[in-house]
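Remember, predicted model here, so these are calculated numbers, not experimental data. For the numbers below, each heavy atom of this structure counts, side chains included, while hydrogens, waters and symmetry mates do not. Here is the naming used below: chain letters follow the sequence lines, and residue numbers restart at 1 for every chain.
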Amino acid sequence: MPVSHATASPVLDYSSTGQPSARVAIWWFIASEIAIFGGAVACYLLYRFEHPEWSEAASHTVQWAGATNTVVLLTSSLLAVLADKAAGAGDGKGAARYLWLAVLGGLVFLGIKTFEYSHEIHAGFTPLSEPHGLFWAFYFLMTGLHAAHVVGGMTAMAIIARGAAKGKHLGRVEVAAIYWHFVDVIWIFLFPLLYLAS
Amino acid sequence: MLFQVERHRCQRYLGFEMPEILGSCSTRDMYPLGDAVMFEWFEAMPQSISTYGGQLDDLLRLIVWIVGPWFLLAEGVLFYCLFRFRERDGVRAAWLPADTLKVNAFILVPAALVLVCDLVIEAASDSVWHEVMIHTPENTSSMVRVTGQQYQWLFRYPGPDGTFDTADDVVSVGEMHVPVDEPIRFDLQAKDVLHAFWVPELRFKQDAVPGRSFDRWFQATRTGNYDIGCAELCGVGHTMMAAELIVEPRADFDKWIANNGEVAQ
Amino acid sequence: MTSHSQPQSVWSRYIFSVDHKVIAIQYIALGLIMSVIGSYMSYVIRMKLAWPADPVVGFGDLAASQYNMLVTMHGTIMVFWVAMPILVAGFGNYLIPLMVGTDDMAFPTLNMLSVWTFILSTVVLLISLFVPGGAAAAGWTSYPPLAADPRFSGVDLGITLWILAVALEFVAFLMGGVNFITTSINRRAPGMSMWDLPLFVWEEIMASIIFMLSVGPLVAGAVMLLLDHNFGTGFYDTAQGGDPLLFQHLFWFFGHPEVYVLLLPALGILAEVITSCSRKALFGYKMVVWSTIIAGLLSFIVWAHHQFISGIDPRLAFPFSLTTILISVPFAVTIFAFIATLWGGSIRMTPAMAAAVLMLATFLLGGCTGIILGSAAADIYMHDTMFVVAHFHYTMVPIVIFAPMAGFYHYFPKMFGKPLDGPLAWLHLVGTGIFFNLCFLAIFPLGFMGHQRRISDPTQFGYIDGGESLQILATIGAIGALVSQIPLAINIVKSLLSDRKADSNPWKSTTLDWQTPSPPPHGNFATTPTVYRGPYFYSPPGIEADYLPQNLPQVDAPSDQVQASVSEPKTIPA
């Protein structure tokens, strides 16, 4: 039977499917985000096939930075998994600690990204540059959109970590972790498509 | 630049004044099939002056003849039910057994018939589309380049040397001359934004896209002057972007080319 | 029963409320306000087309640039700021929790954020009307290069704000969509299987799914347009290696499913009204659900029928023409099923039922004229003519205006606890029906004449000569239809101010939303209902009453028909 609570916690209310509502919701949300990034990636791929000369432009991306960032995000995702495990065991403080570390990973990612962007802009590789400005337009669009989602994920993890540290809403840690994994997976697609010239 | 057309369509097409019925002139006399037309709507179409126009009109008629009865049937059943099964004292609504195939067949069988009708329409449509948009006539080369720009149509002819972009090209602003009864191939281009080349009497329409060139064709069967419109929103002057298609005998066309039309090179 | 306590202040009760019913009414009210603005724009457009050389009464001299702005904003407002909030978010928010038997949406705070994001998007859009250069004027479709370069359109900030407003609107509905899907799937009352859901809830689930999966590419495309417009990037610029046609694909990949995002809730409203007013179960309920799922899937592969002559490879016309024509089949199933529901019924012609009939009768013409447009070859002639305009008004107006009217007449007593006046309702509906048909039946022949879209002066083109009387008839129809809304407005005000009280279930409906007081209190149900049967047990044999509410324990009903299973609610694994 349904249980009513003074504080609305999706995890504690009844569920017709057996899944917590927040988990159902985050997957549908991620489906819509896949459509957004999928659309952007599809456009990029269509153009890339039309413009094989873009591989020259792609060679000016900072490969070591991209590769490092991939490792950073994967590690950060691992930390999110550990946070989820801790929350599942009821350890709010542990979960919060891991979440904050994951946020730190995101910060490192953004730091490296900032370095990359300033390097590329100083070197004259911008969306309006000649030649191949359109490649750089896609590069900044897609990585910029992704970075915005990194910021969003970090914000969500920070908010949820604060609650978790007090032992509240531990069910939300899983949702934050799922979203963070998604942000990571998007990067796993972007890195080879943008950085690794064919 | 403004292209005020003050022609009475009936007068132009039929050579004499016809009484206007709700604004449309009957094309009945132009079309042997005119009398078979169900609806006033078809009579609103201007006469067809291209070789493929008749096919397109026949397709439209086919679709209306297939879809029309379905429409009337559905409306008829709808209103019949509303009347026949209106609320009356002592009469209780029927109770149907739950979703079974036997019961749902009442819907699925008509839906299958709709599917068959759809496929017939699709088959008919495909051949007309092929004729207009994919097929190109043999042994013709492009003889005019149509360029849409904000807010006029430019027509460039290769001139006596047969090559575009040479000194003897003929460029006409707002007037497209073509010889009658000959296949005309043309390149459709745009300078700035999207436009669309639209000649109702030819039954032809195609968007013009900057950076692209489309190879299309038509064959006009009747001399006369016909309006060209732009059928893709292109800015504040979209409504003023009219031009004129002048279909004339080959001799007159050659004379116009030789006299350079309105040259603007 | 509620998971959050009754709010106290004006702010938390009416303005920043998290109650789905308040949020629903906020969406509907904003949609109605925007419909007034959008309708005024359509009035000016019709006046200009009927008398192109004269200034417009109630507006003044109308320049061609302003005309372009009006057609753009009319379309934009009607689709995104009237249709979406009223149909999807308004009725969806109000009815879903009630129909599934729960106290509120799964995420009430997210729901409040979504409506406020929507309000913000509305403000951004309205501001765009007053900035230098005016509001967007590149069509509601906003094709580049016209929309991508201010030098081409003459509009700079207006288009930027338009893009931002639409993007915010998308965000609002993504948030809302998550709520609708999750609540419908996960917060059903005990005993309510998916097949016990009222059709309206199924339709809202599918509309939300379609929206959430189709809008993504356009979000990407809109950002690219924004960058082209403001920073000169070349996503859609051939000179820089881009392609204007890409935007069209991104737009219509969303744009076509979007019309089904609107159609499905409208059909859902119709199902509730028709079953209740005919005292008869929905014909072929499961068949309709499966059919709608198929239509939803098909809707993702028809989009290029908006682009047959746009310059895409002509060979693509065949597959898209085929899928477009095929999609008529599942919708035929639904429409036929609705009509078959009437067969053998006992039909009470309430104003809601009359509006539902008006919707069906007019939508049929819209759907049938769509077949012509689905044929690529026929579309050579009809594309971008007034035939298209008449076609989509014969689909959109029934969907966006007539179906919500039916919903409104049916649900007003539930929402506000007061009945609506009958004669005023009939005056409203008869006037609307007559004048709407007059307007758009006159526009079809203009399309056949070759009258292209988005021109402010039809006298420039000889093939439209003689169409003047049709234009005037259409304008009379438009004005008449707008004037016919006055009885509705009077009715609403009069009823809200009156002391009359409506029953909790005046239409004797079976679904859970009617098994509550009118209006439902905060938390909806005193105790969680238990569901014993499907949604449309009207006139079951063997009992005296002509309806069996879903939550009434089993009473003398034929056992082979009634849902015997009362499934236990599932618990979350530890």
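- Heavy atoms closer than 4.5 Å to chain B are found in the side chain of C:A340, but not in its backbone.
- C:Y67 does not touch chain B: none of its heavy atoms, backbone or side chain, sits under 4.5 Å away.
- Residues B:V114 and C:S328 approach most closely at CG1-OG, 4.2 Å, considering heavy atoms.
- For C:S346 (side chain) and B:E87 (main-chain N/O), no donor-acceptor pair under 3.5 Å exists by modelled atom type.
- Proximity of B:F106 to C:F283: side-chain heavy atoms (C-beta onward) are separated by under 4.5 Å at one or more points.
- Checking B:E122 against C:S375 by side-chain atom types alone, no donor-acceptor pair falls below 3.5 Å.
- When the options B:W198, B:F42, B:F204 are evaluated for a ring pair (Phe, Tyr, Trp, His ring centres under 6.0 Å) with C:Y381, the one that passes is B:W198.
- With a threshold of 4.5 angstrom between heavy atoms, C:D243 approaches chain B through side-chain atoms but not through N, CA, C or O.
- Of the two parts of B:I63, only the side chain, counted from C-beta on, holds a non-hydrogen atom closer than 4.5 Å to a non-hydrogen atom of chain C.
- Residues B:R212 and C:L245 form a side-chain contact, since some pair of their non-hydrogen atoms from C-beta on lies under 4.5 Å apart.
- Heavy atoms of C:M349 lying under 4.5 Å from chain B belong exclusively to its side chain.
- Looking only at side-chain heavy atoms (C-beta outward), B:V199 and C:Y463 stay at 4.5 Å or farther from each other.
- Contact of C:P144 with chain B is made through the backbone alone, with heavy-atom distances under 4.5 Å.
- Interface residue B:V132: only side-chain heavy atoms are found under 4.5 Å from chain C.
- In terms of heavy-atom pairs under 4.5 angstrom with chain C, the leader among B:C117, B:C230, B:A196, B:A208 is B:C230.
- The heavy-atom pair separating C:Y536 from B:W95 by the smallest distance is O-CZ3, 4.3 Å.
- When the candidates B:G211, B:A231, B:A111 are compared by the number of heavy-atom contacts under 4.5 Å with chain C, B:A231 comes out ahead.
- Using a cut-off of 4.0 Å between Lys/Arg side-chain N and Asp/Glu carboxylate O, B:D192 and C:R151 are scored as not salt-bridged.
- To the nearest 0.5 Å, atom CZ of residue C:F338 and atom CG of residue B:L78 are 12.0 Å apart.
- Of all heavy-atom pairs spanning C:L342 and B:C81, the tightest one is CB-CB, 3.8 Å.
- Between B:E75 and C:L364, the closest side-chain pair of non-hydrogen atoms falls below 4.5 Å.
- Between chain B and the residues C:G344, C:P145, C:G450, the largest count of heavy-atom pairs under 4.5 Å involves C:G344.
- Comparing B:E232, B:K205, B:M241, B:H238 by how many heavy-atom pairs each has under 4.5 Å with chain C, the most go to B:K205.
- Chain B forms the most heavy-atom pairs under 4.5 Å with one residue out of C:N68, C:V333, C:L360, C:I309, and that residue is C:I309.
- Your options are B:A190, B:A94, B:G237, and the one with the most heavy-atom pairs under 4.5 Å with chain C is B:A94.
- Residue contact with chain C, scored on non-hydrogen atoms closer than 4.5 Å, involves the backbone and the side chain of B:L194 alike.
- For C:T324, no part sits under 4.5 Å from any heavy atom of chain B, backbone or side chain.
- Closest heavy-atom contact between C:R279 and B:A93: O-CB, 3.2 Å.
- Note that the OG atom of C:S278 and the CG atom of B:L82 stand 8.5 Å from one another [nearest 0.5 Å].
- Rounding to the nearest 0.5 Å gives a distance of 7.0 Å between CG of C:L322 and CG of B:L119.
- We find the CH2-CZ distance between C:W343 and B:R84 to be 7.5 Å, quoted to the nearest 0.5 Å.
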- Message: Please evaluate residues B:V109 and C:F336 with respect to the criterion side chain to side chain contact (heavy atoms under 4.5 Å, CB included), reporting the C-alpha separation (whole Å), side-chain torsions for both, the decisive distance (0.1 Å), and the verdict.
- Response: CA-CA 11 Å; B:V109 166; C:F336 292 166; over 6 Å; no

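- Between C:V357 and B:F79 there is a side-chain heavy-atom pair separated by less than 4.5 Å.
- With a threshold of 4.5 angstrom between heavy atoms, B:Q150 approaches chain C through side-chain atoms but not through N, CA, C or O.
- Residues C:P314 and B:R216 meet the side-chain proximity criterion, which asks for heavy atoms closer than 4.5 Å.
- Proximity to chain B (any heavy atom under 4.5 Å) is restricted, for C:M353, to the side chain, taken from C-beta onward.
- Using a 4.5 Å heavy-atom threshold, the side chains of B:N104 and C:M287 count as touching.
- When every heavy atom of C:I543 is checked against every heavy atom of B:R92, the shortest pair comes out as O-NH2, 3.2 Å.
- Considering C:I371, C:T369, C:I372 as possible partners of B:V64, the one that fulfils the side-chain contact (heavy atoms from CB on, under 4.5 Å) test is C:I372.
- Options C:Q307, C:R348, C:R315, C:R453 differ in how many heavy-atom pairs under 4.5 Å they form with chain B, and the most are formed by C:R348.
- Using a 4.5 Å cut-off between heavy atoms, B:V128 touches chain C through backbone and side chain atoms alike.
- No part of C:I472 comes within reach of chain B, as not one of its non-hydrogen atoms sits under 4.5 angstrom from that chain.
- Chain B forms more heavy-atom pairs under 4.5 Å with one residue of C:Y143, C:F448, C:F444 than with any other, namely C:F448.
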- Message: Please determine whether side chain to side chain contact (heavy atoms under 4.5 Å, CB included) holds for the pair B:M45 and C:M449, giving the CA-CA distance in whole Å, both sets of side-chain angles, and the decisive distance to 0.1 Å.
- Response: CA-CA 5 Å; B:M45 289 181 85; C:M449 290 172 84; over 6 Å; no

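- Atoms CG and CE, on B:L56 and C:M382 in that order, are 8.5 Å from each other to the nearest 0.5 Å.
- Contact annotation for C:A138: only backbone heavy atoms (N, CA, C, O) come within less than 4.5 Å of a heavy atom of chain B.
- Note on C:G139, C:S321, C:A378: by heavy-atom pairs under 4.5 Å with chain B, the leading option is C:S321.
- Heavy atoms of C:I335 lying under 4.5 Å from chain B are absent altogether.
- Heavy atoms of C:P244 lying under 4.5 Å from chain B belong exclusively to its side chain.
- Residue B:D207 comes nearest to C:S310 through the heavy atom pair OD2-CA, 3.3 Å, listed as atom of the first residue, atom of the second, then distance.
- Remark: B:D227 CG to C:F461 CZ distance equals 7.5 Å, nearest 0.5 Å.
- Heavy atoms closer than 4.5 Å to chain B are found in both the backbone and the side chain of C:S539.
- Proximity to chain C involves both the backbone and the side chain of B:F71, based on heavy atoms less than 4.5 angstrom apart.
- No other option in B:V236, B:L233, B:I228, B:I66 has as many heavy-atom pairs under 4.5 Å with chain C as B:L233.
- Among C:P330, C:G374, C:S65, the residue making the largest number of heavy-atom pairs under 4.5 Å with chain B is C:S65.
- Of the atoms belonging to C:R454, heavy atoms from both backbone and side chain fall under 4.5 Å from chain B.
- Both the backbone and the side chain of C:D546 come within contact range of chain B, each with at least one heavy atom under 4.5 Å from a heavy atom of that chain.
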